[in-house]
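Below is one structure, written out as structure tokens; the observations come after it.
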Protein chains: 2
Amino acid sequence: MTVPPDPASAPVRARAPSMADVADRAGVSHQTVSRVVNNHPAVLPETRARVRAAIADLGYRRNSAARALVTRRSGVLGVLTPAGTAYGPTSTFLALEDAAQEAGYVLAVGTLRLPHEDSAARALNRFLGLGVEGVAVIAPTEQVLRVVSEIDARVPVVMLSSATRLPDRPLVGGVSVAQREGAAAATAHLLAGGANEVLHVAGPQNWFDAQERVRGWRAACVSAGAPTPAPVETGWSAREGYALGLQLVREGLPPAVFAANDQLALGLLHALREHGVRVPDDVALVGFDDEPGAAHYDPPLTTVRQDFAGLGAAAMQYLAEALDGSPTPRRELTAELVVRASSARV
Amino acid sequence: MTVPPDPASAPVRARAPSMADVADRAGVSHQTVSRVVNNHPAVLPETRARVRAAIADLGYRRNSAARALVTRRSGVLGVLTPAGTAYGPTSTFLALEDAAQEAGYVLAVGTLRLPHEDSAARALNRFLGLGVEGVAVIAPTEQVLRVVSEIDARVPVVMLSSATRLPDRPLVGGVSVAQREGAAAATAHLLAGGANEVLHVAGPQNWFDAQERVRGWRAACVSAGAPTPAPVETGWSAREGYALGLQLVREGLPPAVFAANDQLALGLLHALREHGVRVPDDVALVGFDDEPGAAHYDPPLTTVRQDFAGLGAAAMQYLAEALDGSPTPRRELTAELVVRASSARV
DNA sequence: CCATATAGTCCTCCAAGCCCC
DNA sequence: CGGGGCTTGGAGGACTATATG
């Protein structure tokens, strides 16, 4: 492990025009320039125009470091997100960025290389060192949650996480999607469709989402009086879904499978198809996420759509409220079952 | 369109401990604290320890705004990336973040809501206002390229783009993946597999990648003496691929199709399957990107894998070199054909 | 070799000044 | 002569860099 080089030790570049330069050129004081830049009303239109012209001539841009120094506000929020191209975190991140833009903030990003939890601590510290005003953490695992709760951030932190218990700290809030309800709806749908038993192909159990989906599945089975065969735990990838599918073919197929995400379902479909198992006739299948391709899998996949956009917006709203003083501590978004051919027995 | 609120106008929060506070507590001058924080050697171990203890006690963190003010270096790089969950941009972004972390920089991110080009200008300006030291632009379209070239950034800018001509400006560089070669390899592979003609389902032609893939396809056809039927232009999504597939089924099928990306190919597969067209027997198909699920489509998809990780690393390297003074102006990464069942006639 | 004092960075806030009615 | 609109100067703010003891 090497210590990253310090960007501040490299050669200094040419000086950009300052407010004083603009003031000189426009024949006013630096204070008047500041007024113009910040749209303060008490400036004569004529003066304002002269200053604006000087700004344009010099290509002046207000120095955000100096501004942040005096206002104590950087205009930057940090986002910690697991590294990966998975649809869920990516969509959530996009929604966050959208909401941040709307609120006039810039997002700084740190990616977590799970399961290396120290990457979370390092990223969080880099943020705080940067002077972010708040942090959103896409906190999928216990490890990440612990790391965050151990660091005294002194700024609002919002967890985008299905964790049952969040760190009980003043400035920490949470938003989540109703994983459990979504999983229960998926399972109930399979049971209602005629399956007397639903096998759950579960995601990694150190992920909160995966845990919650297990809980939802179990609740639906119990409430329908169906058996609860032990969930099979695996990863999140299509490759792992495929491997598991081959194993199921060898060891015996259940009438229905609820896969913890769409990629797993995709891999399962591949394995089943390869061995002549018909979906949904022999095995009904439901996934989770409704990723963009899901409607075009073979067969089109029944799945659970999460409100990622709502999640991102709610997280930003938490931070905005917290920066104003009175945040809503927790909020839960909905998930919606999308029925397609993989579960519909004709 | 509303003007985003100014984060700097909200209420000010409590003051964090400063270097002076630490100095007081440790009984030294603030300059000595600065030495300790920056690992300057000229501090007695005993003093150093005392300062460290004071830092820990107070939970002191160096104020990056003040530091940036005096060093003229923010430690932040900006990334402009198209909004969307597409595999390519997402992977590239991850690679960028990786490389940035390695180099000790934090990434600020702005997403482009194409085709609204003003979103690019706004995002770029937000970055420059923030004081980023360099900008990486995932510049997929002519529009984005133009916007960037019209703004005087005064910092190094690297374009991750397949554009043939980049803005000819001092600090602007570019890195790309060999789209053309990849597309040519895909097409040649189909022709070598027995198809006497390859139809190209092209992506939106305002995207450079889409343009280059057309060029590669055409070059391969010409060089093999095959005809070059007019490419069919559509979007990037599976939905659009599906719609186009239905159209092809109605209007007559070619012996082989080269789709501009994997999602299009996925949609095509869906449409063909629905109408009893066998792949690869009736129509051979190749995609582009090698997204994570591609190996599990029905049938597993032959595609072109791009070196996104290399792309991100090369972009960061450009910025690092440019900040040091002597960048390599352009660099091209490779693409690799991955053969799977969708093109292999048994 | 180690520590301190001082100047400089660029901005925003505050108090005070000018002018004209 | 007082007051409101416009402008100015100076005081921080937290740090690094450059002498100076």
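Within every chain, numbering begins at 1; the chains are lettered A, B, ... in the order of the sequence lines, protein sequences first and strands thereafter.
- For A:S34 and C:dT12, the shortest distance from a side-chain N or O to OP1 or OP2 is below 4.0 Å.
- For the pair B:T92 and B:L160, the tightest heavy-atom approach, listed with the atom from each and the gap, is CG2-CD2, 3.4 Å.
- Atom-to-atom, OH of B:Y60 to C1' of D:dA14 comes out at 7 Å; the value is rounded to the nearest Å.
- At the phosphate of D:dC6, neither OP1 nor OP2 sits under 4.0 Å from any side-chain N or O atom of A:T47.
- A close approach under 4.0 Å does occur between a side-chain nitrogen or oxygen of A:T32 and OP1 or OP2 of D:dT8.
- Distance, A:Q31 CD to C:dG17 P: 16 Å, rounded to whole Å.
- Judged purely by atom type and a 3.5 angstrom limit, B:E321 uses its side chain to pair as donor or acceptor with the backbone of B:T328.
- Residue A:R35 contributes atom CZ, which lies 13 Å from atom P of D:dG9 at whole-angstrom precision.
- For the helix from C:dC2-D:dG21 to C:dC21-D:dG2, the end axes, each set by the C1' atoms of five terminal pairs, are bent relative to each other by 50° (nearest 10°).
- At whole-Å resolution of the value, CZ in B:R50 and C1' in C:dC2 are 12 Å apart.
- Looking at every heavy atom in both residues, A:L145 comes nearest to A:A139 through CD1-CB, 4.3 Å.
- Both A:H30 and B:H30 sit near DNA chain C, but only B:H30 has its closest nucleotide nearer the 5' end.
- Classification of A:E142 and A:R146 as a salt-bridged pair fails, no side-chain N sitting under 4.0 Å from a carboxylate O.
- Atom pair B:L69:CG and D:dG13:P shows a separation of 15 Å (rounding to whole Å applied).
- Backbone-only engagement by B:L44 is indicated by non-hydrogen atom pairs under 4.0 Å involving sugar-phosphate atoms exclusively.
- Using a 4.0 Å heavy-atom criterion, one finds that B:S64 contacts no nucleic acid atom at all.
- For the pair A:D21 CG and C:dC11 P, the interatomic distance rounds to 9 Å; values are reported in whole Å.
- Not one N or O on the side chain of A:T111 forms a donor-acceptor pair closer than 3.5 Å with the backbone of A:A83.
- The backbone N or O of B:S149 lies less than 3.5 Å from a partner atom in the side chain of B:R169, making a donor-acceptor pair.
- As rounded to whole Å, 19 Å separates atom P of D:dG13 from atom CG of A:N63.
- Note on B:R72: a side-chain N or O is less than 4.0 Å away from OP1 or OP2 of C:dC10.
- OP1 and OP2 of C:dC11 both lie 4.0 Å or more from every side-chain N or O belonging to A:R62.
- For the pair A:M19 CE and C:dC11 P, the interatomic distance rounds to 5 Å; values are reported in whole Å.
- A pairwise comparison of heavy atoms in A:D152 and B:R61 identifies O-NH2, 3.7 Å as the closest pair.
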